[in-house]
Protein chains: 2
Amino acid sequence: MSTITRDSLSRVGLRLLAAHGLADVSMRRVAKEFDVAVSALYWHVRDKQSLLGAMVDQLLEDLDVAPPTGNRRADLVARAELLYDKLVTTRDAAELTASVLALGTGGSRMREIIAEVSGDTVTTDALMALLIGHATLNQQRMQAQALGLEVDTTTITTFRQALDLLL
Amino acid sequence: MSTITRDSLSRVGLRLLAAHGLADVSMRRVAKEFDVAVSALYWHVRDKQSLLGAMVDQLLEDLDVAPPTGNRRADLVARAELLYDKLVTTRDAAELTASVLALGTGGSRMREIIAEVSGDTVTTDALMALLIGHATLNQQRMQAQALGLEVDTTTITTFRQALDLLL
DNA sequence: ACCTGAACACCGTTCAAGT
DNA sequence: ACCTGAACACCGTTCAAGT
């Protein structure tokens with residue numbers, strides 16, 4: 001395709017993710033996409049985890065976060081829903097992000113987005129947990145939803161209710 | 001070791017999990033533990049996911065849940081903390097349980113434990129999400145904590161605070 | 001600086017064949 | 001009923017060697 005950079009690497013990874021799921025995002029598969037030997041990737045990236053980290057970073061980058069309005073609760077809800085939507089609409093994004101956040105190889109922007117309007121650590125932590133927990137647990141429903149044509153709003157409603165309980 | 005049953009299979013899986021982590025729980029590794037060919041396992045278990053499901057089921061089995069006292073909030077907190085403790089103290093249990101719950105191959109008892117004292121679905125869902133989300137995100141802190149000798153209570157405190165926010 | 005080829009040490013799953 | 005052996009189609013990572 002194009003020349004290999006950390007950026008094009010994660011972009012290709014995200015395309016593979018959307019098209020075939022996390023299981024098909026392998027170093028060998030990515031290398032094939034660049035028409036290059038697997039070992040070539042290791043000059044641009046330390047290991048696979050680092051590539052996955054870069055993918056999550058890029059996923060969070062094309063997220064246009066509205067500036068704070070001053071209404072803390074509304075801002076938190078808006079940003080949580082923005083993030084949740086991203087996790088739900090991108091195939092296997094929940095699992096990917098959970099792994100990346102757990103291992104600390106990327107995705108730091110997610111916490112920042114929430115922390116900016118949250119203020120305290122406890123709420124930020126709780127919201128982060130709720131986000132990735134909810135997105136992870138609803139993976140099957142999301143897969144089914146991805147296959148069907150209609151936009152299923154059940155999972156979003158449920159998340160919204162959990163949010164109301166927390167905030 | 002012993003004769004192969006679905007039960008001894010998951011017990012060995014859990015021992016491997018505790019000793020070497022989820023990455024080392026492979027069909028081949030489990031087979032070696034029984035001194036048997038890998039293919040032999042497939043007579044007792046449909047596939048690996050099913051084995052992982054059985055492992056989570058067994059993990060939740062040796063959890064002695066106190067009967068409801070009638071105080072809903074106290075009961076919810078007690079059960080959530082009991083579950084959280086299990087997820088935190090067993091190596092890679094968070095990741096394992098998340099995967100099993102997401103794919104629906106086991107762990108149904110976890111939801112039941114909470115639902116019994118919760119009553120409404122919204123609270124149950126939120127608590128489940130908070131539990132696995134929090135446990136997953138604190139994986140690194142937990143690993144470090146597992147290596148150190150001192151019992152780190154930070155992660156439990158944080159979870160307790162999130163609980164207070166939710167309930 | 002950037003990439004290839006080959007190797008190492010693994011995976012999960014299937015299936016004919018054995019007892 | 002239960003297990004073996006061999007095969008299939010993969011993995012991530014390393015590393016000497018090439019240009």
Side-chain angles (χ1 to χ4, degrees), chain A residues 1-17 19-56 91-92 95-96 98-100 102-106 139-140 143, chain B residues 1-17 19-56 91-92 95-96 98-100 102-106 139-140 143:
Chain A
M1 290 255 102
S2 56
T3 72
I4 308 180
T5 62
R6 218 186 136 75
D7 211 71
S8 65
L9 225 37
S10 59
R11 210 181 304 276
V12 165
L14 282 181
R15 209 190 41 209
L16 245 39
L17 184 78
H20 308 285
L22 189 55
D24 276 37
V25 181
S26 69
M27 295 301 270
R28 293 179 131 93
R29 192 78 176 65
V30 171
K32 191 172 283 178
E33 218 72 13
F34 281 97
D35 226 333
V36 105
V38 213
S39 47
L41 302 187
Y42 286 85
W43 200 92
H44 301 276
V45 102
R46 174 182 294 274
D47 52 18
K48 193 189 176 182
Q49 260 310 313
S50 153
L51 170 59
L52 297 182
M55 283 168 60
V56 171
R91 159 119 93 133
D92 289 349
E95 198 186 340
L96 170 67
S99 149
V100 163
L103 297 176
T105 49
Q139 198 184 304
Q140 10 174 26
Q143 309 256 85
Chain B
M1 291 254 99
S2 57
T3 73
I4 307 180
T5 62
R6 217 186 138 75
D7 212 70
S8 66
L9 225 37
S10 59
R11 210 181 304 275
V12 165
L14 282 180
R15 210 190 42 209
L16 245 39
L17 185 77
H20 307 284
L22 188 56
D24 277 38
V25 181
S26 68
M27 295 301 269
R28 292 179 131 94
R29 192 78 176 65
V30 171
K32 191 173 284 178
E33 218 72 12
F34 281 97
D35 227 333
V36 105
V38 214
S39 46
L41 302 188
Y42 287 84
W43 200 91
H44 301 275
V45 102
R46 174 181 294 273
D47 53 18
K48 193 187 176 183
Q49 261 309 314
S50 152
L51 170 58
L52 298 181
M55 283 168 58
V56 171
R91 158 116 94 134
D92 289 349
E95 198 187 338
L96 171 67
S99 150
V100 163
L103 297 176
T105 50
Q139 198 184 306
Q140 11 175 23
Q143 309 258 87

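A, B, ... follow the sequence lines: proteins, then strands. Residue 1 opens every chain.
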Trainee: Looking at CD1 of B/I4 and CD of B/E33, how far apart are the two atoms once the value is rounded to the nearest 0.5 Å?
Mentor: 11.5 Å

Trainee: Can you measure A/L41 atom CG to D/dG12 atom P for me and round it to whole angstrom units?
Mentor: 10 Å

Trainee: Could you tell me how far D/dC11 sits from C/dA7 if I compare only their C1' atoms? Round to whole Å.
Mentor: 14 Å

Trainee: Expressed in angstrom and rounded to an integer, what is the separation of B/D35 atom CG from D/dC3 atom C1'?
Mentor: 13 Å

Trainee: I need the minimum non-hydrogen distance between B/A102 and A/Q139, along with the two atoms involved.
Mentor: CB-OE1, 3.8 Å

Trainee: With nearest nucleotides of DNA chain D determined for A/R28 and A/S39 from heavy-atom distances, which residue corresponds to the more 5′ nucleotide?
Mentor: A/R28

Trainee: Quickly work out the B/D24 CG to C/dC11 C1' distance and round it to whole Å.
Mentor: 12 Å

Trainee: In whole Å, what is the span from the CE atom of A/M27 to the P atom of C/dC8?
Mentor: 21 Å

Trainee: Which part of the nucleic acid, if any, lies within reach of A/V36 when heavy atoms closer than 4.0 Å are counted: base, sugar-phosphate only, or nothing?
Mentor: sugar-phosphate

Trainee: In this structure, how many angstroms lie between the P atom of C/dC11 and the NZ atom of A/K48, rounded?
Mentor: 15 Å

Trainee: In Watson-Crick or G-U wobble terms, both distances under 3.5 Å, what is the partner of C/dA16?
Mentor: D/dT4

Trainee: At what distance, to the nearest 0.5 angstrom, does CG of A/L41 lie from CG of A/D47?
Mentor: 11.5 Å

Trainee: Roughly how many Å is it from CZ in A/R29 to P in D/dG12, rounded to a whole number?
Mentor: 12 Å

Trainee: Mind checking the CZ-NE2 spacing from A/R15 to A/H20? Nearest 0.5 Å is all I need.
Mentor: 8.5 Å

Trainee: When you measure from the side chain of B/H44, which nucleotide among D/dT13, C/dT13, D/dC3 comes out closest?
Mentor: D/dC3

Trainee: Could you tell me the separation between the OH atom of B/Y42 and the C1' atom of C/dT13, rounded to a whole number of Å?
Mentor: 5 Å

Trainee: Just the rounded figure in Å: distance from P of C/dG12 to NZ of B/K32.
Mentor: 12 Å

Trainee: Between D/dC10 and C/dA9, how far apart are the P atoms? Round to whole Å, please.
Mentor: 22 Å

Trainee: I want to verify a distance call: between C/dC3, C/dC2, D/dG5, whose nearest atom is closest to the A/W43 side chain?
Mentor: C/dC2

Trainee: Output the distance between atom NE2 (B/H44) and atom OG (B/S8), rounded to the nearest 0.5 Å.
Mentor: 8.0 Å

